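What follows is a set of notes on a single structure, which appears directly below.
Keep in mind it's a predicted model, so treat the numbers as computed, not measured. Atoms considered below: every heavy atom in the structure, side chains included; atoms not considered: hydrogens, waters and symmetry mates.
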Amino acid sequence: MAGMLNGAKAYQAQQRLDMNRLVESYAPLVKRIALHLKARLPACVEVDDLIQSGMIGLMDAASHYEDGHGAVFETYASIRIRGAMIDELRQSDWAPRSVHQNTRSISDAISRLSNKLGREPRDYEIANELGVDIDKYHQMLNDSSSSQMIGIEDLGVSADVIAEGGDNTKDKLFDTLATSKFKVSLVEAIKKLPEREQQVLSLYYDEELNLKEIGKVLDLSESRISQLLSQSMARLRSLLKDWCSK
């Protein structure tokens, strides 16, 4: 019996040592993801806070990863790390309620106009539908962009459920959204966006350029790129509203 206990203790000690080594080895990945996410967030968000949350996500990944997940550890850990950062940001939401209300109003207006016009509405049409001038509408877009993470999670869909090897403990809603049908719907929705907004999304996500860099590529101001990015997400929410309301 004593031998079995000693063996169990030795195994647990080795497990802790292996986890510590894994966490230490992938700590730079946490910092890299934090810096990449910080570039998309307001100045009030501290990188150190993102890193602290990300380290919790990394330890969680190290505890739960199995070879059978179908993804290499770095891919699996990246999902957990970013998810932990986003969860923390959501819990400490800094945006006024009015900004969230405006974001929903923009998506609703786009949805109504799309149904009415049979096409994606233009900036001035959305502004008219909202009862504001074009400058006010652009300011609403800027406020929306600076107060939220721009990504799939803004559509009401967690990044974990889209990535291969996502968390199997997600509830039935997320399990449903984890199907390839959502991916197909997302791709089709992006194809319906105006060409300029598709370009911005591609440069932002595929090429991972920041707003300033995208502005240089497209010869537009950083503020205008922020507006286009925010507007493209509002359009996607409208196009994918059936998925997001399930």
Are the charged groups of R119 and E125 less than 4.0 angstrom apart, N to O?
yes
For the ring pair F73 and Y26, is the centre-to-centre distance below 6.0 Å?
yes
Main chain of R21, side chain of S25: is a donor-acceptor contact present, judged purely on distance under 3.5 Å?
no
Spell out, as yes or no, whether a donor-acceptor pair under 3.5 Å connects the side chain of S111 to the backbone of S107.
no
Donor-acceptor side-chain pairing of N142 and S223 below 3.5 angstrom:
yes
Q227 and R224: side chain donor to acceptor below 3.5 Å:
yes
Counting only heavy atoms not in Q52, do more than 12 fall under 6.0 Å of its CD?
no
Would you say Q198's side chain and K191's backbone share a donor-acceptor pair under 3.5 angstrom?
yes
Main-chain N/O of I56 paired with D60 side-chain donor or acceptor, under 3.5 Å:
no
Can you list the steps and then say if D123 with R196 is a salt bridge (Lys or Arg N to Asp or Glu O under 4.0 Å)?
CA-CA 13 Å; D123 286 31; R196 179 53 58 88; over 6 Å; no
Between CG on residue L209 and OG on residue S202, distance to nearest 0.5 Å:
9.0 Å
CD of Q199 to CG of L220, rounded to nearest 0.5 Å, is 9.5 Å
Inter-residue atom distance E188.CD - L240.CG, 0.5 Å rounding
11.0 Å
Can any side-chain N or O of S53 pair as donor or acceptor with the backbone N or O of M85 at less than 3.5 Å?
no
Show your working on side chain to side chain donor-acceptor pair (under 3.5 Å) between Q231 and Y137 and close with a plain yes or no.
CA-CA 10 Å; Q231 185 167 262; Y137 172 59; 2.5 Å; yes
